[in-house]
Amino acid sequence: FPVTIASVSVMAFEAFDVDQWLFTRLLPDTSLMDLLAVDNRAPNYQQCVYMHVAPEKDPVTLQAVQFPYIVVRRSGDGTADETSIGGNRAVVKQLYTVTVWDSQSGAVSYARTRAIADRVDVLLNMQSVTVTAGAVWLNRNGSDIAMTPQSDGRVDCGILQTYVATITP
């Protein structure tokens, strides 16, 4: 909820608005949903994009979440506020990690995962939007890969992309 201080509207926590924008930016993209619909599945067969953590059961299918999928989460220790000389908050920065997860057997290839991560980057990198909290600019500032071997021989692999959301409240 906005709080007015000395006639400056300030949000208690701007990241909620950015969370919602990221989710709604990714979820309705048909190209992204086509890339996530593997093994002859129909696009949107499951939600495929999750905030903070993938659930045990997908809310669309009510079954276990299938690979590949995307998790968007806030990273770091919270927001970093920069104040003006007068003490008002001028800029708020929040880190987000967008991870594309897949699972493979045998030789691990990131080709499918990379195509999905590339589409995510087209949708998010260097984008701007105005939300309730103010103007938001999103820029990618890094990427990494993750591999988690499973006991049955599969390897869960992910491409992690970190974005900085700069918010001017």
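These values consider heavy atoms only, across backbone and side chains, with no hydrogens, waters or symmetry-generated copies.
- Between Leu32 and Ile116 the shortest side-chain heavy-atom distance falls below 4.5 Å.
- Side chain of Gln63 to main chain of Lys57: no donor-acceptor pair is present (N/O by atom type, distance under 3.5 Å, no hydrogens or angles).
- Considering only heavy atoms from C-beta on, Trp137 comes within 4.5 Å of Thr168 through its side chain.
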Problem - Check against side chain to side chain contact (heavy atoms under 4.5 Å, CB included), Val98 and Leu22 - result: CA-CA 10 Å; Val98 179; Leu22 288 168; 5.6 Å; no
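- Under a 3.5 Å cut-off, the side chain of Gln161 and the backbone N or O of Arg140 do not form any donor-acceptor pair.
- Using modelled atom types, no side-chain atom of Ser128 and backbone atom of Val136 make a donor-acceptor pair closer than 3.5 Å.
- Looking at Gln104 and Tyr110, their side chains never come closer than 4.5 Å, going by heavy atoms from C-beta outward.
- Under 4.0 Å is where a charged nitrogen must lie from a carboxylate oxygen, and between Asp156 and Arg154 at least one such pair does.
- Heavy-atom contacts from other residues, nucleotides or ligands closer than 6.0 Å to CZ of Arg41 number more than 12.
- In plain terms, the two heavy atoms of Thr162 and Thr97 that are nearest each other are OG1-OG1, 4.0 Å.
- Side-chain contact between Asn44 and Val60: absent, with no pair of heavy atoms (C-beta onward) separated by less than 4.5 Å.
- Judged purely by distance below 3.5 Å, without hydrogens or angles, the side chains of Asp102 and Tyr69 never pair a donor atom with an acceptor atom.
- The CG atom of Asp17 lies 8.5 Å from the CD atom of Gln20; values are rounded to the nearest 0.5 Å.
- Under the 3.5 Å distance criterion, the side-chain polar atoms of Arg74 are left unmatched by any main-chain donor or acceptor of Leu95.
- No hydrogens or angles considered: a donor-acceptor pair under 3.5 Å links the side chains of Asp121 and Tyr163.
- The OG1 atom of Thr61 sits 6.0 Å away from the CD atom of Gln46 when rounded to the nearest 0.5 Å.
- The cluster map of Ile, Leu, Val, Met, Phe, Trp and Tyr, joined by side-chain heavy atoms under 4.5 Å apart, puts Val120 and Trp21 in the same cluster.
- Phe23 is connected to Ile167 through a chain of hydrophobic side-chain contacts under 4.5 Å among Ile, Leu, Val, Met, Phe, Trp and Tyr, so both are in one cluster.
- Residues Val38 and Pro68 meet the side-chain proximity criterion, which asks for heavy atoms closer than 4.5 Å.
- Under the 4.5 Å side-chain contact rule for hydrophobic residues, Leu27 and Leu123 share a cluster.
- Rounding to the nearest 0.5 angstrom, the gap separating the CD atom in Gln66 from the OG atom in Ser103 is 10.0 Å.
- At least one side-chain heavy atom of Leu26 sits under 4.5 Å from a side-chain heavy atom of Val72.
- If you check the side chains of Asp58 and Tyr50, you find a donor sitting under 3.5 Å from an acceptor.
- In terms of heavy-atom proximity, Thr99 sits nearest to Gly158 at CG2-CA, 4.5 Å.
- Contact of the Asp19 side chain with the His52 side chain is registered, since non-hydrogen atoms from C-beta on lie closer than 4.5 Å.
- The two residues Val71 and Ala54 come nearest to each other via the heavy atoms CG2-N, 3.9 Å.
- Annotation: side chain of Val65 is in contact with side chain of Pro55 (closest heavy-atom distance under 4.5 Å).
- Under the 4.5 Å side-chain heavy-atom criterion for grouping Ile, Leu, Val, Met, Phe, Trp and Tyr, Ile159 is not connected to Ile70 through any hydrophobic cluster.
- Criterion: ILVMFWY side-chain heavy atoms under 4.5 Å apart, direct or through other members. Under it, Tyr96 and Val49 are part of a common hydrophobic cluster.
- A search for side-chain contact (heavy atoms from CB on, under 4.5 Å) contacts involving Met126 returns Asn139, not counting sequence neighbours.
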Practice task
Could you check Arg119 against Asp29 for side chain to side chain contact (heavy atoms under 4.5 Å, CB included), going step by step and ending with a plain yes or no?
Solution key: CA-CA 9 Å; Arg119 182 62 189 163; Asp29 185 74; 2.8 Å; yes
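- More than 12 heavy atoms of other shown residues, nucleotides or ligands fall within 6.0 angstrom of atom CG in Asp152.
- Around CD of Glu56, the count of heavy atoms belonging to other residues, nucleotides or ligands within 6.0 Å does not exceed 12.
- No donor-acceptor distance shorter than 3.5 angstrom exists from the side chain of Gln94 to the backbone of Val92, with no hydrogens or angles considered.
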